[in-house]
Engineer: 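Structure provided below as structure tokens; questions to follow.
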4 protein chains.
Amino acid sequence: MTRVTQAHIDARKEDILDAAMGMFARKGVAGTTMQEIAGEAHLSAGAIYRYYPSKEDLLRAVCGVTVDHVREMFAQAAASAHSPLEAIDEVGRSAWSEFKSEGCQEHLILNLEATLAAARQLKELGAERREMLNAIIEMLGRLIRQAQAAEQIDDGVDSRALASLLLACHLGSGLLTIELEDDVDSDAILRVVTQMLHRLAPVANGDAGRT
Amino acid sequence: MTRVTQAHIDARKEDILDAAMGMFARKGVAGTTMQEIAGEAHLSAGAIYRYYPSKEDLLRAVCGVTVDHVREMFAQAAASAHSPLEAIDEVGRSAWSEFKSEGCQEHLILNLEATLAAARQLKELGAERREMLNAIIEMLGRLIRQAQAAEQIDDGVDSRALASLLLACHLGSGLLTIELEDDVDSDAILRVVTQMLHRLAPVANGDAGRT
Amino acid sequence: MTRVTQAHIDARKEDILDAAMGMFARKGVAGTTMQEIAGEAHLSAGAIYRYYPSKEDLLRAVCGVTVDHVREMFAQAAASAHSPLEAIDEVGRSAWSEFKSEGCQEHLILNLEATLAAARQLKELGAERREMLNAIIEMLGRLIRQAQAAEQIDDGVDSRALASLLLACHLGSGLLTIELEDDVDSDAILRVVTQMLHRLAPVANGDAGRT
Amino acid sequence: MTRVTQAHIDARKEDILDAAMGMFARKGVAGTTMQEIAGEAHLSAGAIYRYYPSKEDLLRAVCGVTVDHVREMFAQAAASAHSPLEAIDEVGRSAWSEFKSEGCQEHLILNLEATLAAARQLKELGAERREMLNAIIEMLGRLIRQAQAAEQIDDGVDSRALASLLLACHLGSGLLTIELEDDVDSDAILRVVTQMLHRLAPVANGDAGRT
DNA sequence: TATGAATGAGCGTTCATTCAT
DNA sequence: AATGAATGAACGCTCATTCAT
């Protein structure tokens with residue numbers, strides 16, 4: 001009846017997860033050994049297997065954290081709304097703010113690893129991610145439709161396409177941040193996104209949608 | 001009878017490169033063995049080393065091809081211009097058309113692998129990619145500035161930021177295509193991008209840039 | 001309150017032994033983990049080591065039980081004798097009855113494991129088993145010699161060889177039972193053994209031993 | 001086009017097989033590492049996998065050799081017949097002669113390992129062995145029935161049971177040889193077997209089968 | 001030049017054993 | 001006495017790379 005609290009077990013799982021996230025981001029999933037993760041988590045190699053039955057399960061857990069993180073971020077931002085368009089702006093600000101956070105580079109890379117893993121080995125993770133992305137697109141689409149109802153955005157705009165575009169902008173900015181680091185001014189990019197969004201307001205002689 | 005023309009050598013290198021590209025995209029860099037590449041290229045395992053001194057060198061070459069491919073695509077599209085704005089539209093059309101091509105999923109994934117490799121092991125490749133991306137951004141920025149001079153785009157827009165944004169849209173759309181496959185309508189996204197771009201035209205009472 | 005009676009300790013040892021016997025028979029010695037044995041014995045992994053200092057010691061104990069079991073079986077059967085030949089028959093019946101018992105397959109396999117272990121790592125166990133087998137052979141030999149004295153078996157028969165043969169028949173039948181399961185009719189085999197044994201009675205013109 | 005003849009490949013497979021047979025017999029299947037086998041076969045650890053895809057496959061091959069060996073031995077002996085009873089004697093002599101051969105102990109132990117492996121992991125091997133044993137029993141049964149037709153053995157004897165018994169005697173003698181080594185006189189055992197067999201001849205007033 | 005057998009370091013994983021509680 | 005988390009050596013197996021042919 002040794003006293004091993006659930007809290008202790010959770011703390012260990014967290015340690016391992018953190019270690020794995022760091023290593024996966026830094027050296028890649030394939031480039032990271034279980035020994036390294038164990039070392040980073042101050043454990044022996046074998047101990048990990050008490051908490052995660054395999055490297056793949058650990059990867060799954062790591063990716064799950066990424067998914068949760070993204071989903072949460074978008075959900076929170078969307079909640080703090082005033083007018084629909086302001087809500088979208090707020091989501092953008094919130095999403096873009098992660099490019100300024102400490103360790104953002106690692107987070108972004110980890111997300112890429114997750115994308116690759118989902119696209120190849122981890123089919124179930126792929127489904128989870130698909131769900132998450134679709135949820136984000138739908139949430140943005142809803143806001144856009146509200147903005148259209150409030151005459152802040154032209155009715156001629158395909159709301160789902162615009163939502164996808166906004167998400168793509170964010171993802172793409174992340175990619176650019178990974179590749180160009182300080183050569184990319186993500187704030188400036190967000191500013192232009194906002195600018196363009198506001199230009200989508202309906203015009204007097206309704207010619208929007210003309211391509 | 002040392003009749004080994006340079007052409008023959010180049011052809012072999014090409015074979016190996018093609019095989020490696022396919023396998024890397026399909027199974028990942030770490031998940032691909034040299035044997036598999038050799039088999040795909042109709043060679044023995046050892047023969048590859050006559051053309052590429054290591055797997056990493058091969059990866060470098062593969063990533064280089066990716067870089068060249070992207071650079072070329074953008075350059076070609078930019079050349080076929082009429083008015084500046086049309087040129088940008090054309091670049092978009094051209095860039096987005098790759099999402100419709102056969103094996104696009106694999107190409108996109110390979111590009112992601114390259115990004116990750118560059119961000120980690122292959123520092124020189126990172127520089128090369130940075131150069132390429134900056135070149136694209138500058139090219140787009142130039143077009144945008146021309147469009148501004150031609151009063152097709154409002155002067156209040158940060159041309160480099162807009163250029164970065166357009167690139168990010170493209171990269172992000174690729175990411176979405178990887179993750180959502182047929183759930184994403186890249187054509188519709190491009191249509192909205194174009195729409196927004198055209199809305200950036202200067203307005204009568206010059207209030208552009210208001211954010 | 002150190003109330004740990006010897007009875008309690010013995011009971012635990014017995015639990016562990018039973019668990020180990022079951023698992024070793026079912027999954028093999030190498031295929032069984034200490035954790036599994038502990039679980040089966042309703043103990044934690046570490047607790048076993050209070051009773052048996054190592055897996056090998058546990059194996060030794062398990063094999064010892066096997067030895068005891070066999071020795072006992074033969075001894076009991078031999079005791080319930082009437083005429084010498086009947087005693088041999090009775091030993092046979094008793095020995096063969098184990099092929100009908102529940103879990104016989106597992107018992108037989110465990111015995112094989114013990115044989116192999118004795119032949120390799122566990123030299124002392126080997127000596128113990130040798131002793132046991134020799135004891136059986138001698139006991140049977142004695143019965144045979146008594147039967148010869150009682151003119152139930154021809155004097156020309158080598159009593160020790162016949163004893164060994166009878167034991168070999170039993171061991172071999174066990175082997176066949178393991179391999180052929182229901183394809184072998186052990187009752188029929190015993191019947192023939194008995195038949196042959198009775199045919200060894202002295203004949204009028206004493207030509208026994210002619211080979 | 002390196003000249004690697006099939007003969008060379010076969011020789012290597014043979015080397016590995018021999019090494020594995022020796023080690024498995026000496027240290028047990030579980031107690032033998034692939035490194036050890038490789039060392040014994042004068043190869044590196046990895047090289048084995050070119051010839052056998054896994055340890056289990058190697059075990060299968062080793063067991064297959066055992067099966068082939070036994071089957072062959074019985075078949076050859078049965079062929080060199082004169083009268084039916086003599087044929088049976090000949091089979092016995094041949095079968096028992098292996099107890100005198102060099103490395104017989106190892107062979108016998110290996111056979112036991114095969115039995116255990118077949119009874120547990122290697123179900124298909126189990127089927128193969130079952131087939132082999134049944135074939136032997138049937139062959140012996142046929143000889144016995146011929147001997148009955150030739151009035152060398154009493155009709156009242158169950159031919160299949162006697163055949164099984166003879167096989168069991170052989171297997172059991174092997175087991176005794178493993179356990180008792182020089183304490184068992186296998187020649188004497190065979191002599192008694194033969195003796196008993198000859199005593200099964202029909203008697204004038206046909207009372208055979210009385211049990 | 002090309003082959004492919006061989007190497008051997010290193011991987012993910014298991015498990016007998018220890019020991020703080 | 002009992003627990004079960006932790007250890008760490010060792011296993012089966014893979015694969016980038018080498019080299020005799």
Side-chain angles (χ1 to χ4, degrees), chain A residues 1-5 8-9 12 30-38 41-58, chain B residues 1-4 8-9 12 30-39 42-59, chain C residues 1-5 8-9 12 30-39 42-58, chain D residues 1-5 8-9 12 30-38 41-58:
Chain A
M1 291 166 194
T2 312
R3 200 92 339 241
V4 185
T5 58
H8 178 257
I9 289 177
R12 276 286 175 281
T32 300
T33 72
M34 294 301 268
Q35 302 272 355
E36 284 170 325
I37 295 170
H42 304 292
L43 277 167
S44 69
I48 292 184
Y49 291 86
R50 183 172 294 279
Y51 301 97
Y52 297 94
S54 73
K55 193 183 188 184
E56 181 168 323
D57 280 86
L58 185 49
Chain B
M1 50 180 84
T2 321
R3 183 59 49 86
V4 192
H8 179 256
I9 290 179
R12 278 284 174 281
T32 300
T33 70
M34 293 300 267
Q35 302 274 354
E36 285 170 325
I37 295 170
H42 304 293
L43 273 164
S44 69
I48 291 182
Y49 289 83
R50 198 163 281 282
Y51 300 98
Y52 297 94
S54 75
K55 194 184 187 185
E56 183 168 319
D57 281 272
L58 187 48
L59 173 59
Chain C
M1 52 182 80
T2 322
R3 183 60 47 88
V4 193
T5 61
H8 179 256
I9 291 178
R12 280 283 175 280
T32 300
T33 72
M34 294 300 267
Q35 302 274 355
E36 284 169 327
I37 295 170
H42 304 292
L43 274 164
S44 68
I48 291 183
Y49 288 83
R50 198 164 281 282
Y51 301 98
Y52 297 93
S54 74
K55 193 183 186 185
E56 183 168 318
D57 282 272
L58 187 48
Chain D
M1 290 165 194
T2 312
R3 200 90 341 236
V4 185
T5 58
H8 178 258
I9 291 176
R12 277 286 175 280
T32 300
T33 71
M34 293 301 269
Q35 302 270 356
E36 285 170 325
I37 296 171
H42 305 292
L43 276 167
S44 68
I48 292 183
Y49 292 86
R50 182 173 294 279
Y51 301 97
Y52 298 94
S54 73
K55 193 184 188 184
E56 182 168 323
D57 281 86
L58 185 49

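Naming convention: chains lettered A, B, ... in sequence-line order (proteins, then strands); numbering from 1 in each chain. What you see below is based on every heavy atom in this structure, not just the backbone, and it leaves out hydrogens, waters and symmetry mates.
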Engineer: Rounding to an integer number of Å, can you tell me how far B/Ile9 CD1 sits from E/dA2 C1'?
Structural biologist: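 Taking atom C1' of E/dA2 as the reference, CD1 of B/Ile9 is at 13 Å.
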Engineer: Could you check how far CD of A/Glu36 sits from P of E/dT13, rounded to whole Å?
Structural biologist: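 Whole-Å distance recorded here is 15 Å.
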Engineer: Do you know which two heavy atoms are closest between D/Pro53 and D/Tyr49, and how far apart they sit?
Structural biologist: O-CD2, 3.5 Å
Engineer: Return the value, rounded to whole Å, for the distance between atom CD1 of B/Ile37 and atom P of F/dC15.
Structural biologist: 12 Å
Engineer: Identify whether any heavy atom of D/Ile48 sits under 4.0 Å from a base atom; if not, whether one sits that close to sugar-phosphate; answer base, sugar-phosphate or nothing.
Structural biologist: nothing
Engineer: Applying side chain to side chain contact (heavy atoms under 4.5 Å, CB included) to D/Ile9 and D/Arg12, what does each step give before you reach the verdict?
Structural biologist: CA-CA 5 Å; D/Ile9 291 176; D/Arg12 277 286 175 280; 5.8 Å; no
Engineer: Taking Watson-Crick (N1-N3 plus N6-O4 or O6-N4) and G-U wobble (N1-O2, O6-N3), each under 3.5 Å, can you produce the dot-bracket string of DNA chain F? Use [ ] for crossing pairs and | for inter-strand ones.
Structural biologist: .||||||||||||||||||||
Engineer: Looking only at side-chain N and O atoms, does B/Ser44 come under 4.0 Å of OP1 or OP2 in E/dT3?
Structural biologist: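 For E/dT3, OP1/OP2 do have a side-chain N/O of B/Ser44 under 4.0 Å.
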Engineer: Distances under 3.5 Å between protein N/O atoms and the N/O atoms of nucleotides 16-19 of chain E, please, pair by pair.
Structural biologist:
residue : atom : partner : partner atom : Å
E/dA16  : OP1  : C/Thr32 : O            : 3.4
E/dA16  : OP1  : C/Lys55 : NZ           : 3.0
E/dA16  : OP2  : C/Met34 : N            : 2.6
E/dT17  : OP2  : C/Tyr49 : OH           : 3.0
E/dT17  : OP2  : C/Lys55 : N            : 2.9

Engineer: Who are the side chain to side chain donor-acceptor pair (under 3.5 Å) partners of D/Ser44, not counting sequence neighbours?
Structural biologist: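 Not a single residue meets the side chain to side chain donor-acceptor pair (under 3.5 Å) criterion with D/Ser44.
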Engineer: Does a side-chain N or O of A/Arg12 approach OP1 or OP2 of F/dA6 to a distance below 4.0 Å, or not?
Structural biologist: yes
Engineer: Testing the basics here: between D/Ser54 and D/Met34, what is the closest heavy-atom pair and its distance to 0.1 Å?
Structural biologist: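 In this case the closest contact between D/Ser54 and D/Met34 is C-CE, 4.4 Å.
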Engineer: Tell me whether the side-chain N/O atoms of D/Tyr51 come closer than 4.0 Å to OP1 or OP2 in E/dA6.
Structural biologist: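 For D/Tyr51, the contact criterion (side-chain N or O under 4.0 Å from OP1 or OP2 of E/dA6) is met.
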Engineer: Testing the basics here: between C/Thr32 and C/Lys55, what is the closest heavy-atom pair and its distance to 0.1 Å?
Structural biologist: O-NZ, 2.7 Å
Engineer: Identify whether any heavy atom of D/Leu43 sits under 4.0 Å from a base atom; if not, whether one sits that close to sugar-phosphate; answer base, sugar-phosphate or nothing.
Structural biologist: sugar-phosphate
